[in-house]
Amino acid sequence: MDADVIIVGAGLSGLVAAEQLTSQGRKVALVDQESAANLGGQAYWSFGGLFLVNSPEQRRLRVKDSFELAWSDWQASAGFDRLEDEDSWAVRWARAYVEFAAGEKRSWIDARGIKLTPVVGWAERGALRADGHGNSVPRFHVAWGTGTGVVGPFVRSAERAADAGLLRFYHRHQVDELIVQDGAVTGVRGSVLKDDPSPRGVASNRETTGSFELTAQAVIVTSGGIGADHDLVRQYWPPRLGTPPQNMITGVPAHVDGRMLAISAAAGARIVNRDRMWHYTEGVRNWDPVWPGHAIRILPGPSSMWFDALGRRLPDACLPGYDTLGTLKYLRTTPDIAGYDHSWFVLTQKILEKEFALSGSEQNPDITSGSRKAVLRNRIFGKGAPAPVEAFKRHGADFVVAATLDDLVAKMNGLTDEPLLDVGELRRQIVARDLQVDNPYSKDAQVQGIHNSRRFLGDRLSRTATPHRILDPQAGPLIGVKLHILTRKSLGGIQTDLDSRVLGTGGQPISGLYAAGEAAGFGGGGVHGYNALEGTFLGGCLFSGRQAGRAAAQAVS
């Protein structure tokens, strides 16, 4: 045997599994098609959001949360409806994960040096019903260091294990086959790729220089999802979300290609819930891209007005920060706009400065650096927008700025093949909304949401602008942002039991084969069901990687 356990994929879940194995003295071969520069995978680029329930950070902000409330939110959002089949393990994983988030998770990450910022975000506020999708309370905890702060402890653990002779890195090794003998997975075969000096995230070459074969008592697949392969996204795009966009932008590096799903299936693994996926509707093209089609998601506060491609305000609950897939479904299934691949934010400079954040470790240098002073200066007491946001406003191809609505709409129409927006109709809708902000109450659901948001101290300090009229010149200039569909996550994947053992087509575990992270639908083949509550992707990698590593360590003892 070349190792006790082979891990395929050096992203977050693979690194967590490696930590669990090496801490118990097991020898690990960590195999990845990318170079050492890409340790941590997609998670490195993330905003570092973690879903926690009844945390000290929440309690300090007077947020009353509980396992019961969080589990109610999760079930309402997930909508598990394949309980006898594809969801049979996913629902058990979901309950176990919410128990983890409400219990051990906070102390477990703290013991590994992952520290949290004091402000809790309120992501995915939901469908405006107590029994519908969404977070009832703020639960989005951002790690100091963003994604780098979550990944870093496990990278350092792997490097220490390598120095101790317990782990060996196989960079630029692309797995093409799982070796199966007498019904058990005993190793991997694949291609050795040519060295590539490209920086982290940049698409690397696929030139082969040889082949390899490794054997072990167990293999853990932690290879990620399909977000960078638009053909696969379109292949599995569900009819319930309408037609896939002709043009999408990419929120993940090129190596997130989903190759190991088909390779695992060829070895007998059952792939479930392929029609469940998570793509954002607030994507903008990166003016300084790293990978092909590199795009960034705007993390919006509640105040920007959202219009479809024809200039009509989106209905409730298609509001900024509320219901990601509900908004995607509306944009892709409404007949007269489904042929367009964009929508619009209209906002003021005042809203931009207070409410706009950009997803990504590189877009949040103050939090990524861990500088408390920089965060206070930039986000609480500072004047103007954070520098990365201002850079997108100045250089981004999807941003237009004007002093008047007439000029703004003319510039917005200049970003499309034909002028689709009527300034008079936009003005009518904006004026109607503006008339609602003079009172602390309103019949407008979005304005109600703004007032609700400002009752939460965290949002009032850093994420929600003081209510004002969009057409107030003192709040300007006006800003228009063309929004695209941004690919991101697979919510389905390899079906696993609660020990992360991969299940075959007959429902029985395949000896020696485990899976974790996005490749396993973050646990069980789809822990989120149809909808995610945010902060649950990194957390799902932590939890499922931990489960896989612990179970494999016990199995090979």
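Put simply, the side chain of Pro153 reaches to within 4.5 Å of the side chain of Ile114, judged on heavy atoms. Asp229 is not listed as a side-chain neighbour of Val233, based on a closest heavy-atom distance of 4.5 Å or more. Residues Pro388 and Phe356 have side chains not in contact (no heavy-atom distance under 4.5 Å, counting atoms from C-beta outward). Between Leu421 and Phe307, every side-chain heavy-atom pair lies at or beyond the 4.5 Å cut-off. At least one side-chain heavy atom of Asp110 sits under 4.5 Å from a side-chain heavy atom of Lys115. The shortest distance between side-chain heavy atoms of Pro477 and Gln349 falls below 4.5 Å. Proximity of Arg276 to Arg240: side-chain heavy atoms (C-beta onward) are separated by under 4.5 Å at one or more points. Inter-residue side-chain proximity for Thr487 and Ile249 is flagged as unmet; no heavy-atom pair is nearer than 4.5 Å.
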Checking Lys411 against Leu408 for the side-chain contact (heavy atoms from CB on, under 4.5 Å) test, could you report, in this order, the C-alpha distance in whole Å, the side-chain angles of both residues, the deciding distance, and whether it holds?
CA-CA 5 Å; Lys411 291 182 177 181; Leu408 185 77; 5.7 Å; no

Apply side-chain contact (heavy atoms from CB on, under 4.5 Å) to Val401 and Leu478, showing your working.
CA-CA 6 Å; Val401 182; Leu478 293 168; over 6 Å; no

side-chain contact (heavy atoms from CB on, under 4.5 Å) between Phe392 and Ile296, intermediate numbers included:
CA-CA 10 Å; Phe392 264 80; Ile296 296 294; 3.8 Å; yes

Ring pair (Phe, Tyr, Trp, His ring centres under 6.0 Å) for Phe51 and Trp74? Distances and angles first, verdict last.
CA-CA 11 Å; Phe51 175 93; Trp74 194 289; 5.7 Å; yes

Trace of the side-chain contact (heavy atoms from CB on, under 4.5 Å) decision for Leu415 with Trp344
CA-CA 11 Å; Leu415 297 185; Trp344 294 97; 4.0 Å; yes

Using side-chain hydrogen bond (donor to acceptor under 3.5 Å, both in side chains), reason through His468 and Thr348 one step at a time and then give a plain yes or no.
CA-CA 9 Å; His468 62 275; Thr348 64; 2.9 Å; yes

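Val16 approaches Gly545 most closely through the heavy-atom pair CG1-C, 3.7 Å. Looking at every heavy atom in both residues, Leu347 comes nearest to Ser304 through CB-OG, 3.6 Å. Minimum interatomic distance between Phe456 and Pro138 (heavy atoms only, all atoms of both residues): CE2-CG, 3.5 Å.
Between Trp71 and Phe67, the ring planes lie parallel to each other; the angle is under 30°, not in the 30° to 60° tilted range.
For the pair Gln42 (side chain) and Gly11 (backbone), a donor-acceptor distance under 3.5 Å is absent. Listed for the Asp275 side chain is no donor-acceptor partner under 3.5 Å among the backbone atoms of Pro238. Although no hydrogens or angles enter the test, the distance criterion places a donor-acceptor pair under 3.5 Å between the side chain of Thr117 and the main chain of Val142. A donor-acceptor pair under 3.5 Å is formed between the side chain of Gln429 and the backbone N or O of Arg313. The main-chain N or O of Tyr44 is found under 3.5 Å from a side-chain atom of Ser361 such that the two form a donor-acceptor pair. In this structure a side-chain-to-backbone donor-acceptor pair under 3.5 Å is present from Arg460 to Arg454. Listed for the Arg59 side chain is a donor-acceptor partner under 3.5 Å among the backbone atoms of Asn54. Put simply, the side chain of His451 gets close to the backbone of Asn439: a donor and an acceptor are under 3.5 Å apart. Ser490 places a side-chain N or O within donor-acceptor distance of the main-chain N or O of Ile226, the cut-off being under 3.5 Å. At least one donor-acceptor pair closer than 3.5 Å links the side chain of Gln448 to the backbone N or O of Ser442.
Rounded to the nearest 0.5 angstrom, Met305 CE and Leu319 CG are separated by 10.5 Å. Separation of atoms CZ (Phe345) and CG (Leu483) is listed at 5.0 Å; rounding is to 0.5 Å. Atom CG of Leu314 sits about 6.0 Å away from atom CG of Asp308, to the nearest 0.5 Å. Note that NE2 of His279 is 8.5 Å distant from CG of Leu491, once rounded to the nearest 0.5 Å. A distance of 8.5 Å separates OG in Ser453 from CZ in Arg463, rounded to the nearest 0.5 Å. With rounding to the nearest 0.5 Å, the separation of CG in Asn364 from CG in Leu299 is 7.5 Å.
Qualifying ring pair (Phe, Tyr, Trp, His ring centres under 6.0 Å) partners for His395, counting only residues two or more places apart in sequence or in other chains: Trp287. Partners of Asp398 under the side-chain hydrogen bond (donor to acceptor under 3.5 Å, both in side chains) rule, at least two apart in sequence or in another chain, are Arg285, His484. Partners of Asp434 by salt bridge (charged side-chain N to carboxylate O under 4.0 Å, His left out), not counting sequence neighbours: none found. Scored by the side-chain hydrogen bond (donor to acceptor under 3.5 Å, both in side chains) test, Arg332 finds Thr243, Asp341 as partners (sequence neighbours excluded). Shown here are the ring pair (Phe, Tyr, Trp, His ring centres under 6.0 Å) partners of His255, two or more places apart in sequence or in another chain: there are none. Not counting sequence neighbours, the partners of Asp65 by the side-chain hydrogen bond (donor to acceptor under 3.5 Å, both in side chains) test are Gln58, Arg139. In this view, Trp122 satisfies the ring pair (Phe, Tyr, Trp, His ring centres under 6.0 Å) rule with no residue, not counting sequence neighbours. Contacts of Ser462 classified as side chain to side chain contact (heavy atoms under 4.5 Å, CB included), with partners at least two apart in sequence or in another chain: Val119, Ile380. Not a single side-chain hydrogen bond (donor to acceptor under 3.5 Å, both in side chains) links Ser46 to another residue, sequence neighbours left out.
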Contacts under 3.5 angstrom, residues 536-543 side chains, donor-acceptor by atom type, not counting sequence neighbours:
from   : atom 1 : to     : atom 2 : distance (Å)
Thr536 : OG1    : His528 : NE2    : 2.9

Validation: residues 143-152 side-chain donor-acceptor distances under 3.5 Å, sequence neighbours left out:
from   : atom 1 : to     : atom 2 : distance (Å)
Trp144 : NE1    : Leu116 : O      : 3.3
Thr146 : OG1    : Thr368 : OG1    : 2.8
Thr148 : OG1    : Gly145 : O      : 2.5

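Contact check on Glu362 versus Arg200 returns no salt bridge, with no Lys/Arg side-chain nitrogen under 4.0 Å from an Asp/Glu carboxylate oxygen.
A ring-centre distance under 6.0 Å is not found for Phe522 and Trp278.
For the side chain to side chain donor-acceptor pair (under 3.5 Å) test with Glu124, the passing option among Asn531, Thr324, Asn135 is Thr324; the others fail.
Applying the salt bridge (charged side-chain N to carboxylate O under 4.0 Å, His left out) test to residues at least two apart or on different chains, none of the pairs has a partner in residues 317-330.
Using modelled atom types, one finds no donor on one side chain facing an acceptor on the other under 3.5 Å when comparing Tyr322 with Asp316.
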